[in-house]
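Contents: one structure, followed by commentary.
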2 protein chains.
Amino acid sequence: MKLTPVMHRYIVHWGEMGSRWGINRSVAQIHALLYLAPMPLHADEIAETLGIARSNVSVGIKELLAWELVQVTHTLGDRRDFFVAQKDPWEVIRVIVEGRKRREIDPTLAFLRNCVAELENDTETPAEVRDRIAGQLEFLETLTRWYESIKGLPRKTLLKMMRLGQKIAKVIGE
Amino acid sequence: MKLTPVMHRYIVHWGEMGSRWGINRSVAQIHALLYLAPMPLHADEIAETLGIARSNVSVGIKELLAWELVQVTHTLGDRRDFFVAQKDPWEVIRVIVEGRKRREIDPTLAFLRNCVAELENDTETPAEVRDRIAGQLEFLETLTRWYESIKGLPRKTLLKMMRLGQKIAKVIGE
DNA sequence: CCGTAATTTCAGTATTTTCTGAAATTCTAG
DNA sequence: CTAGAATTTCAGAAAATACTGAAATTACGG
């Protein structure tokens, strides 16, 4: 796919952002390209457009499929896989947040619970350390409970809640 | 500082988490250590406890100071710098979110605005691409406006708003 | 089934990031 | 000032991560 200068800059920026957040640059670039592309692309075209190896695209796409940020489609008379990205930014963020929560926050919660349980009868670790870990666990639990309760709400409701929050802030700020 | 097994595991876990989120492992470990430590530590002690080079601690600490997650303190009769971490988990998250917003989200917003402006009279880029970028920009702006309005609210108010959200979710969910 | 196109795998290589240790610099007590 | 302690800098080494290309596998039309 031919990239115009703006598209080019967009993809580079997104790759850069990705790597700052612990996402492979190529993966982020593939995602950016598919996010912009008006039509489904096949792996060879992605590789050629981004100037990376075909095999690299294969691995990257697999990751994006696992994240459910990209889907496979097909055309009649073409055996190749074509890929399309989720185009709704709200949905993109939702999927990323949910994924990182499941892959990173949930295991951390389990880990902290385990630490706190062990510290129950651990006499060598200072009490202050135990309290600190317990406090952090409680904080994370508060946050995730909130997230779990609101994550399924329709977008409209979320937007209303955000506007409500802004109003409250305005009143308090005066 | 002598690490008990739980402390050791905690620091390792935190280092691991850090690197998944684009934070240098040593920096994350130094932060974890100072977060647990009941008293201020000096650089040599940090290096020895974590088994990393003194110079590495120097660089890591500088970064944590820049993030304002760690502060320097001194003791009478001791020329060395001692370091303490911010211990309140709410404050830790607040500082991290604010920092990443300033360093990454704000420049991205500026970048997207620039893209949209250029696309005004760019005939070679498909209209669909322009709309996509504009949509993403609007989304990000909605999110940051909300964040900016509530970020200064007292913790109590935030907690109330979270509980309110959970109630709304419960009612809608029924 | 067969032949070929498409895709995936993965060992080796390249690149990027992180870390070290020695040297330079800064700081302070005397 | 000066001496030594504390800290920082930074070039080079080490480690981690990402990428390539060739070979293997899979998938499909005929």
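Each chain gets a letter, A, B and so on, in the order its sequence line appears, and its residues count up from 1. All values below come from the heavy atoms of this structure, side chains included, with hydrogens, waters and symmetry mates left out. Keep in mind it's a predicted model, so treat the numbers as computed, not measured.
- Contact annotation: A:Asn56 side-chain N/O to D:dG21 OP1/OP2 distance is not under 4.0 Å.
- As a whole-Å value, the separation of B:Arg54 CZ from C:dG21 P is 14 Å.
- Looking at A:Arg79, its side chain comes within 3.5 Å of the base of C:dA5 through a donor and an acceptor atom.
- Between A:Val84 and A:Val70, every side-chain heavy-atom pair lies at or beyond the 4.5 Å cut-off.
- Distance, B:Ile30 CD1 to C:dT18 P: 13 Å, rounded to whole Å.
- Across all strands, A:Ser26 comes closer than 4.0 Å only to sugar-phosphate atoms, never to a base (heavy-atom distances).
- Taking 4.0 angstrom as the limit, B:Lys62 places a side-chain polar atom (N or O) nearer than this to OP1 or OP2 of D:dT9.
- Nearest-nucleotide positions on DNA chain D for A:Ser55 and A:Gly22 put A:Gly22 closer to the 5' end.
- What separates CZ of B:Arg20 from P of D:dA16 is a distance of 15 Å, to the nearest Å.
- Judged purely by distance below 3.5 Å, without hydrogens or angles, the side chains of B:Tyr10 and B:Gln29 never pair a donor atom with an acceptor atom.
- In this entry the distance linking NE2 of B:His42 with P of D:dA5 reads 14 Å, nearest Å.
- For the pair A:His42 and A:Phe83, the minimum side-chain heavy-atom distance is 4.5 Å or more.
- For the pair B:Asn24 CG and D:dA14 C1', the computed distance is 14 Å after rounding to whole Å.
- Between the side chain of B:Arg80 and the base of D:dA6, no donor-acceptor pair of N or O atoms lies under 3.5 Å.
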| task | Using the salt bridge (charged side-chain N to carboxylate O under 4.0 Å, His left out) rule, take B:Arg94 and B:Glu91 through it: C-alpha gap first, then chi angles, then the decisive distance, then the call. | result | CA-CA 5 Å; B:Arg94 212 220 80 226; B:Glu91 192 55 17; 2.3 Å; yes
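- Comparing A:Val59 and A:Ser19 against DNA chain C, the residue whose closest nucleotide sits nearer the 5' end is A:Val59.
- One atom, CD of B:Glu48, and another, C1' of C:dG21, lie 17 Å apart when rounded to the nearest Å.
- Taking the charged nitrogens against the carboxylate oxygens, A:Arg113 and A:Glu141 do have a contact shorter than 4.0 Å, which makes a salt bridge.
- Within 4.0 Å (heavy atoms only), A:Asp81 reaches sugar-phosphate atoms of the nucleic acid but no base atom.
- The distance from atom CD1 of A:Ile46 to atom P of D:dT20 is 14 Å, rounded to the nearest whole Å.
- The distance from atom CD of B:Gln29 to atom P of C:dT18 is 13 Å, rounded to the nearest whole Å.
- Closest to the B:Ile52 side chain, of the nucleotides C:dC19, D:dT7, C:dT20, is C:dT20.
- For A:Arg25 and D:dA18, the shortest distance from a side-chain N or O to OP1 or OP2 is not below 4.0 Å.
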